[in-house]
Every structure is written in C-alpha cells, then in structure tokens.
Amino acid sequence: TMTSTSPVPAHTLANATLEGFHAPIQDLVVQLEELERGQQGWINTLTQEQQTIINMDKDFAEVIGLFSQVPPYLQKLQQIKKDMKDVQDRVKKMHNTALKIKEKRVREEEHRAEKDRQILAQPAPSASGSDSTSASSTSTAAAASGDKSAAPK
C-alpha cells in the first residue's frame, strides 16, 4: 500500500528555497555595500594623494629651477671672497708702508734733534779766531738747520 502524499506545489518549494538563501544573500549584499564604500574611500584617498604628487612635481620643478641658479651665485660669492682677500692684502700692505714711513720720520726727527744738540753743545767760537773758522762753523750750523742762506759763497 502506498501512502499518499500530497504533491507540494512548485512555487511553494521555490519560495521556501529562496527564503533559506534570503538571509545569507542579504548578509552578502550588506558586505558588498560596505566593500563598495571602502573602495570608494580608497579611490578618494588615492585621488587626493595623486593630486598631492602632481603638486609636488610642480614644487620640485621650482626647486630644481632654484638649484640651477646656485652655481652662478656660488661663483659670484667666490669672486667676492677673492676680491675681499685682495683688498685686505692691499690694505695690510698700505698699513705696513704707513708704519715704515712713520718710523722713518721718527728716526729722521731723532737724527735732526741729535744734530741740533751736537751743534748746540759745541763751544762758541772765540773772537780772536780766524774768519775761515767762523765761516766754517756758521755753514755747518746752517746745513744742520737746513738754512741755505747762511752757507759760504
């Protein structure tokens, strides 16, 4: 004997099958939506980073341009430094020359003062002495003082 089972309609069976998959499918849909939002966030981040890199390329181009100007300025600075050294050397030589001239003047003044002392230290000529002795001492005194008018003729 056969037991009779009533046949289950196909649409009911399909609905039951779908309901069994409905919860996991909904979970997958939620996960896909979250994944899509995450990917969109990454796309936004990458776009911003790309823009930053593009801007950095512009900045680097400007920096490279500035660095290309460094060698001429460096040469100018080196030339200025050399010129300043030359000026310093010339000033030092002038200073040394001025010191030598000053020392020479001091020595000349000391020498003149010594000659003047020697002339003044000589005894006065006597009245009974000859005219040639008197003229000779007058010319010596005039030469020491630099007076040419008292020299003998």
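We use all heavy atoms of the structure for the numbers below, so side chains are in, but hydrogens, waters and symmetry mates are not.
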For E114, does the CD atom have more than 12 heavy-atom neighbours from other residues, nucleotides or ligands under 6.0 Å away?
-> yes
Dump the intermediate steps for side chain to side chain contact (heavy atoms under 4.5 Å, CB included) on E34 and R37, then the final yes or no.
-> CA-CA 5 Å; E34 287 176 9; R37 280 192 301 273; 3.1 Å; yes
Check the hydrophobic clustering (I, L, V, M, F, W, Y; side-chain heavy atoms under 4.5 Å; chains of links allowed) and say if V70 and V63 are grouped together.
-> yes
What is the distance from atom CG of N96 to atom NZ of K93, rounded to the nearest 0.5 Å?
-> 10.0 Å
Distance in Å, I119 CD1 paired with R112 CZ, rounded so as to fall on 0.5 Å steps = 12.5 Å
Step by step, work out the side chain to side chain contact (heavy atoms under 4.5 Å, CB included) result for T52 and M56.
-> CA-CA 6 Å; T52 301; M56 284 179 15; 4.1 Å; yes
Given side chains that start at C-beta, do those of V91 and Q88 come closer than 4.5 Å, heavy atoms only?
-> no
In short, side chain to side chain donor-acceptor pair (under 3.5 Å) pairs touching residues 61-87 with sequence neighbours left out are Q79-D83, K85-D89
Ion pair present between E110 and R107, side-chain N to carboxylate O less than 4.0 angstrom?
-> no
Transitively linked via ILVMFWY side-chain contacts under 4.5 Å: L32 with I25?
-> no
Got a second to check how far T45's OG1 is from Q40's CD, nearest 0.5 Å?
-> 10.0 Å
To the nearest 0.5 Å, tell me how far D57 CG sits from I64 CD1.
-> 9.0 Å
Are the side chains of R90 and V87 in touch, meaning some heavy atoms are under 4.5 Å apart?
-> yes
Under the side-chain contact (heavy atoms from CB on, under 4.5 Å) test, residues paired with K58 that sit two or more places apart = I54, N55
At what distance, to the nearest 0.5 angstrom, does CD of E109 lie from NE2 of H111?
-> 13.0 Å
When rounded to the nearest 0.5 Å, the distance separating NE2 of H22 from CG of D27 is 9.5 Å
Option from K100, E108, K102 for which side-chain contact (heavy atoms from CB on, under 4.5 Å) with K104 holds = E108
